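Atom set for the values below is all heavy atoms of this structure, side chains included, hydrogens, waters and symmetry mates excluded. Predicted, not measured: the structure shown is a model, and the values here were computed from it.
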Amino acid sequence: SPRTTIRIAGGWVRDKLIYGKDTPSRDVDLVLSDTSGKEFAEKVCKYLEETHEEGAMNGVRIQQSPSSSKGAQAEHLETASLTISGFEVDFCRLRYERYDKDSRIPVASGVASAVEDAWRRDLTINSLYYNINTNQVEDWTERGIKDLILQTINTPLRPLGTLLQDPTRILRAIRFAAQLSFDMSPELIRAARDDRVRSALQYKVSRDVIGNAIDDMLGTRARDPSRGIQLLMATSLIDVVFPLEGQDNGIYQVGLEHLSRTQSLVTRIFLQSRDLDWDITKRRILWYAAFLKPVYELMSTNSNSKRERRKGSVFYQLLDNLKRPKTDMQLIESVLKGVTPLQTMMNDDDLNDDIQFAIRSGAILKDISPQSPEWEQLSELRWMIYNTFEPVGVMWKEAAILALASSQKNLDDCVRQYTDLISLIDHLHLGKILQNKARPLLNGSQIQQRALQGKIDGRDFKRVVQAMEEWQIRNVFHDLESIDDDTRSLLEAQLIDYLVTTFPEYAKCASTQ
């Protein structure tokens, strides 16, 4: 209808005012004055089909607005979601909500004015609207723009009542504080400390919801993840979110110190060396590892098996409580496992001279003769670096950062050592290998067909594979994906000679068969 007033609400408006045209938000919430989200979305779909806007629309899902145990919502409040030109667009009608004291899910909702819709929202900075009809920003609480300017997280209504209605709002408030590097109002912090809010968060909110909120707080968009941990501590909710039975609360402070120092190091590294390559999607794993480092160090090493250690580990119990997927657990652990060996390597004074030599030699590395002393030095260094980093896998950069951040060195020295280390790995042509694991020149059957034809038991065959890996790291500076057939044949022949010489007992067996 021409009478329909269409507004963009919430996060897109907030981010547009903060970031301008560089807003990272791809989610758009449209609120409608006099029609349901479902009805309006169906009209949008029909228009796009009639105008043949190819690629503009990709998928439509019609969904009910939040329902309660007291029955389905009215048809006029149905919502819908579309993907249009890469934007996720949600459609809903302006509404009010009513809550029962025993549930954080609205038990009633109905058609409302823009003012009522604004006051029901979780935070003042999320209660702003952009009116498409009038081309104006609307601030019905008269506090949204002010709090954006003051960089303050606050609620439209009284904080205690807001949090008791839905205790997840305090997690959202802390998440936005970390994401935007904003402060939380003293009134909101006081309300969050109320025992009723703590109890509601413990007993009304699922661990999945809490885990997802913390993941957002430590996510790639978070400017200041340590601020999130600080606020969880300031609101006395840290042990609700990160339950550690039988542990002193001082462990959270130690974790925060690790996280803050790691965050400061990352900032310095990439401000001083903007050309350094880093996958920022891995930052989230680094923040988890930094904060949980003191918890990981509680894990017993006396158990006979890896399964027993994990079963009795506070570290794994905590990650399970946060409902982190298995892949996240493995990546976080790989970073933490790498810290001690990397610190040992980087504290080796003799290594620093070798690193500087390798960096100076980097441009001519492939041209150094295998018979020269320089080759032997670089070959030994390459194997040592690979052997230290390889167990960490794809998270080797994050493990190096955490190893430096948790050392006693000043941050300027840590920045220099990290950039030297990255240069070294680049000059030794190890970057791709550490990221994707070294691809063997010969597979198992080729080894037995062309080099060691005697029968090899499982344990000895593992020794053969390890010896082949070491020879390849020490001697093959080429990218196996790009070498020509002649070069590959030469390298394979050299490797076969090495295996025959190293394992003569199996080579002899081959000659008698």
Task: Note: Asp485-Arg488 ion pair, threshold 4.0 Å (strictly below) - done: no

Open item on the list: Show me the pairs that pass ring pair (Phe, Tyr, Trp, His ring centres under 6.0 Å) and involve residues 385-405, at least two apart or across chains.
Closed with: Trp383-Tyr386, Phe389-Trp396

Open item on the list: Looking at every non-hydrogen atom in both residues, tell me the closest pair between Pro440 and Gln472 and how far apart they are.
Closed with: CA-OE1, 3.5 Å

Task: Leu171 versus Leu201, closest heavy-atom pair with distance - done: CD1-CD1, 4.0 Å

Open item on the list: Under 4.0 Å between a side-chain nitrogen and a carboxylate oxygen: does that hold for Asp147 and Arg14?
Closed with: no

Return a table of donor-acceptor pairs under 3.5 angstrom between the side chains of residues 338-346 and protein atoms on other chains or two or more places apart.
| from | atom 1 | to | atom 2 | distance (Å) |
| --- | --- | --- | --- | --- |
| Gln343 | NE2 | Ala403 | O | 2.9 |
| Gln343 | NE2 | Ser406 | OG | 3.2 |
| Thr344 | OG1 | Thr340 | O | 3.0 |

Open item on the list: Does this structure show an ion pair linking Asp328 with Arg284, if we count only N-O contacts that are shorter than 4.0 Å?
Closed with: yes

Task: Any donor-acceptor pair under 3.5 Å from Lys397 side chain to Ile422 backbone - done: no

Task: Sidechain-backbone polar pair: Arg169 side chain, Asp122 backbone, donor-acceptor under 3.5 Å - done: no

TODO: Check whether any side-chain heavy atom of Ile433 lies under 4.5 Å from a side-chain heavy atom of Ile473, and answer yes or no.
DONE: yes

- [ ] Inspect the contact between Asp15 and Arg221 and indicate whether a charged nitrogen and a carboxylate oxygen are less than 4.0 angstrom apart.
- [x] yes

Open item on the list: Looking at Gln446 and Asn443, would you say the former's side chain and the latter's main chain have a donor-acceptor pair under 3.5 Å?
Closed with: yes

Open item on the list: Tell me whether Arg324 is salt-bridged to Asp215, with the criterion being a basic N under 4.0 Å from an acidic carboxylate O.
Closed with: yes

- [ ] Evaluate the side-chain proximity of Ile238 to Ile229: yes if any heavy-atom separation is below 4.5 Å, no if none is.
- [x] yes

TODO: Kindly give the heavy-atom pair with the smallest separation between Trp471 and Leu491, and that separation in Å.
DONE: CH2-O, 3.6 Å

Task: Carboxylate-amine/guanidinium proximity below 4.0 Å for Arg268 and Asp412 - done: yes

Task: Heavy-atom pair with the smallest gap, counting every atom of Leu259 and Ser226 - done: CD2-CA, 3.6 Å

Task: Arg283/Glu398 salt bridge by N-O under 4.0 Å criterion - done: no

Open item on the list: Taking Asp183 first and then Arg227, would you say they form a salt bridge - that is, a charged N and a carboxylate O separated by under 4.0 Å?
Closed with: yes

Open item on the list: Please enumerate all residues that pass ring-ring contact (aromatic ring centres under 6.0 Å, His included) together with Phe242, with sequence neighbours excluded.
Closed with: Phe291

TODO: Provide the closest heavy-atom pair for Ala451 versus Ile496 in the form atom of the first, atom of the second, distance.
DONE: CB-CG2, 3.9 Å

